[in-house]
There are 2 protein chains.
Amino acid sequence: MAQSDTVNRILDAAEVLFAERGFSETSLRMITSKANVNLAAVNYHFGSKNALIQAVFSRFLSPFAKNLEAELKRVSERHTDKPIDIETLLGIVTSCIVMVPAQSKTGVSVFMRLLGLAYTQSQGHLRKYLEQEYSRAFKMFMKHMREATPQLTSVDRFWRIQFMLGTTAFTMSSIEALSDIIENEMQVHSSTEEVVKRLVPFLAAGLQAPLQN
Amino acid sequence: MAQSDTVNRILDAAEVLFAERGFSETSLRMITSKANVNLAAVNYHFGSKNALIQAVFSRFLSPFAKNLEAELKRVSERHTDKPIDIETLLGIVTSCIVMVPAQSKTGVSVFMRLLGLAYTQSQGHLRKYLEQEYSRAFKMFMKHMREATPQLTSVDRFWRIQFMLGTTAFTMSSIEALSDIIENEMQVHSSTEEVVKRLVPFLAAGLQAPLQN
DNA sequence: AATCATTCCAAACAATTGTTTTAAACATAC
DNA sequence: GTATGTTTAAAACAATTGTTTGGAATGATT
């Protein structure tokens, strides 16, 4: 199968380069030369650069959404009486994220960095695509989140979830650079797992912070 | 004075367009036609597009840094015995941010959006420029931060401050898109000021979260 | 072996980018 | 009023962008 090999080589190269440099700053020529394929291959297999960007996202977001929906459904069937608590809910999300790289070859940090880019780079087509493609999984997650935080108004809950997402995406995307800094300045080694351990209490405390009036 | 007028018109137009679309996605022709000046004026007055980007930042970041240093100094003189607490510290930062638009014509949301872009868009030249230009204000802030959180180890403090910065930068860089979503789904209008009000308790709680072992 | 659709490749395409150039317009000083 | 230096204007510049093209290679099916 020469076809799928070329397609995957393009996706692999694009994924890394997009994560490193952003979308506009990554040219098709960079991608194809890193993937060792012909320049025209991108337009032949994907149709356009925008379609390639969407394909990069759906390759890791589709398994993640599928995992998440399945896991949420599974756990909620055992919680028919009481809602799922926050810690369990966050645990489900993180475990589903960690599951994806095991299936494909995408690293967690690349995963999160791309997720962050999708949010910050105002690529209109991407945002629309993601919204209509994964709205079901997102709404499902939000439903359980709503039940787990009844003390919050819907507006406060929305924003705090965004804060959480932002913190995670940003930290994960810059984790290598920050680890280097801290290793130089304090002679302490920080693995991704250790950073996540530090991150979770931060997020949980923020999410449950007293409301300001 | 035709000169300074042209310069300011370019800065005004560039500021808005950069905040709306990002740096790479904004061409000099968009800027100059919005500013009603000739295309060559940018290279004449600023030298290059990168220099223009830096000029846009320094126009509002310099007053901010000045405000912040002055305010930190002023408050710390009244706290000779005990350190400044976190809430006050974060309050100083946000109030200094809000002060700048009153001095210039830049809106708070544009200000914050640019700040977020500076952090998330990996423009190498920008990051270096900002670091060496405003390291004094940053170090000053860090010193008070250290005194305000004596219960944290330096490693924990380092990470939590990164979490904070990440949350802020991320939220600010995607604030308009998120405001649109929440306005559509919940019929609630969210100004930047309101989002900041929601952000501060989240950050403060995260910073002071109990340590995990 | 011949036919077929699929995939690949080198080249060219048109459009857009940041930057530079040339001359004209302008203001200021003598 | 002439001279001098500064700012604007329009055009052209070279480089890079995403995309398209026509034909060559490929590989499976008959």
Side-chain angles (χ1 to χ4, degrees), chain A residues 1-59 117-118 121-129, chain B residues 1-59 117-118 121-129:
Chain A
M1 273 295 142
Q3 188 259 344
S4 65
D5 189 55
T6 300
V7 168
N8 282 328
R9 284 229 301 282
I10 292 175
L11 286 172
D12 289 338
E15 188 175 71
V16 172
L17 287 173
F18 285 154
E20 280 177 2
R21 319 171 36 92
F23 305 114
S24 305
E25 295 82 359
T26 303
S27 71
L28 292 183
R29 282 166 179 81
M30 292 180 197
I31 296 170
T32 52
S33 74
K34 184 185 178 79
N36 272 317
V37 300
N38 188 268
L39 167 63
V42 169
N43 282 278
Y44 175 78
H45 285 288
F46 297 94
S48 70
K49 185 184 180 181
N50 279 347
L52 169 63
I53 296 176
Q54 296 175 357
V56 166
F57 273 89
S58 65
R59 184 168 69 150
L117 282 182
Q121 309 245 130
S122 51
Q123 300 259 349
H125 72 98
L126 223 194
R127 189 171 287 255
K128 269 185 191 164
Y129 172 79
Chain B
M1 274 295 144
Q3 187 260 345
S4 64
D5 189 55
T6 300
V7 168
N8 282 327
R9 285 227 302 282
I10 292 174
L11 286 172
D12 289 338
E15 187 176 71
V16 173
L17 287 174
F18 285 154
E20 279 177 356
R21 320 173 34 95
F23 305 113
S24 308
E25 295 82 0
T26 303
S27 71
L28 292 182
R29 283 166 180 81
M30 291 180 197
I31 296 171
T32 52
S33 73
K34 184 186 177 80
N36 273 317
V37 300
N38 188 268
L39 168 63
V42 170
N43 281 280
Y44 175 78
H45 285 290
F46 297 95
S48 69
K49 185 184 179 180
N50 278 347
L52 170 61
I53 295 176
Q54 296 175 355
V56 166
F57 273 90
S58 65
R59 185 169 65 150
L117 282 182
Q121 306 239 134
S122 51
Q123 299 257 350
H125 73 98
L126 224 192
R127 188 173 287 250
K128 268 185 191 163
Y129 172 78

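Residue numbering restarts at 1 for every chain, and letters A, B, ... go by the order of the sequence lines.
- If you measure from atom CZ of A:F46 to atom P of C:dT7, you get 12 Å, rounded to the nearest angstrom.
- The side chain of A:S48 approaches D:dT19 more closely than any other nucleotide in the set D:dT8, D:dT21, D:dT19.
- With rounding to whole Å, B:N43 atom CG is found 14 Å from D:dA9 atom C1'.
- Regarding A:N36, its CG atom lies at a distance of 14 Å from the C1' atom of C:dC9, rounded to whole Å.
- Remark: A:H45 is in phosphate contact with C:dC8, judged by side-chain N or O atoms under 4.0 Å from OP1 or OP2.
- Taking only side-chain atoms of A:M30, from C-beta outward, the nucleotide of D:dT17, D:dT8, C:dG18 with the closest atom is D:dT17.
- Between B:N50 atom CG and C:dG18 atom C1' there is a gap of 10 Å when expressed in whole angstrom units.
- For C:dT7, the OP1/OP2 oxygens have no side-chain nitrogen or oxygen of A:T6 closer than 4.0 Å.
- Contact annotation: the side chain of B:N50 never approaches that of B:F23 to less than 4.5 Å [non-hydrogen atoms, C-beta and beyond].
- Of the candidates D:dT20, C:dT7, C:dT20, C:dT20 carries the atom nearest the B:A40 side chain, counting heavy atoms from C-beta on.
- Rounded to whole angstrom, the span from the CZ atom of B:R29 across to the C1' atom of D:dA9 amounts to 14 Å.
- Looking only at side-chain heavy atoms (C-beta outward), B:N38 and B:T6 stay at 4.5 Å or farther from each other.
- Rounded to whole angstrom, the span from the CG atom of A:L17 across to the C1' atom of D:dG18 amounts to 16 Å.
- Of the listed nucleotides (C:dT19, D:dA9, D:dT7), C:dT19 has the atom at the smallest distance from the side chain of B:K49.
- For the pair B:V37 and A:G47, nearest-nucleotide mapping onto DNA chain D gives the more 5' position to B:V37.
- OP1 or OP2 of D:dT17 has at least one side-chain nitrogen or oxygen of A:S27 nearer than 4.0 Å.
- Residue whose closest nucleotide on DNA chain C sits further toward the 5' end, between A:Y44 and A:L39: A:Y44.
- Rounded to whole Å, the distance from CG on B:L28 to P on D:dA12 is 20 Å.
- Using a 4.0 Å heavy-atom cutoff across all strands shown, A:T26 reaches sugar-phosphate atoms only and no base atom.
- Rounding to whole angstrom units, CG of residue B:N38 and P of C:dT20 are separated by 15 Å.
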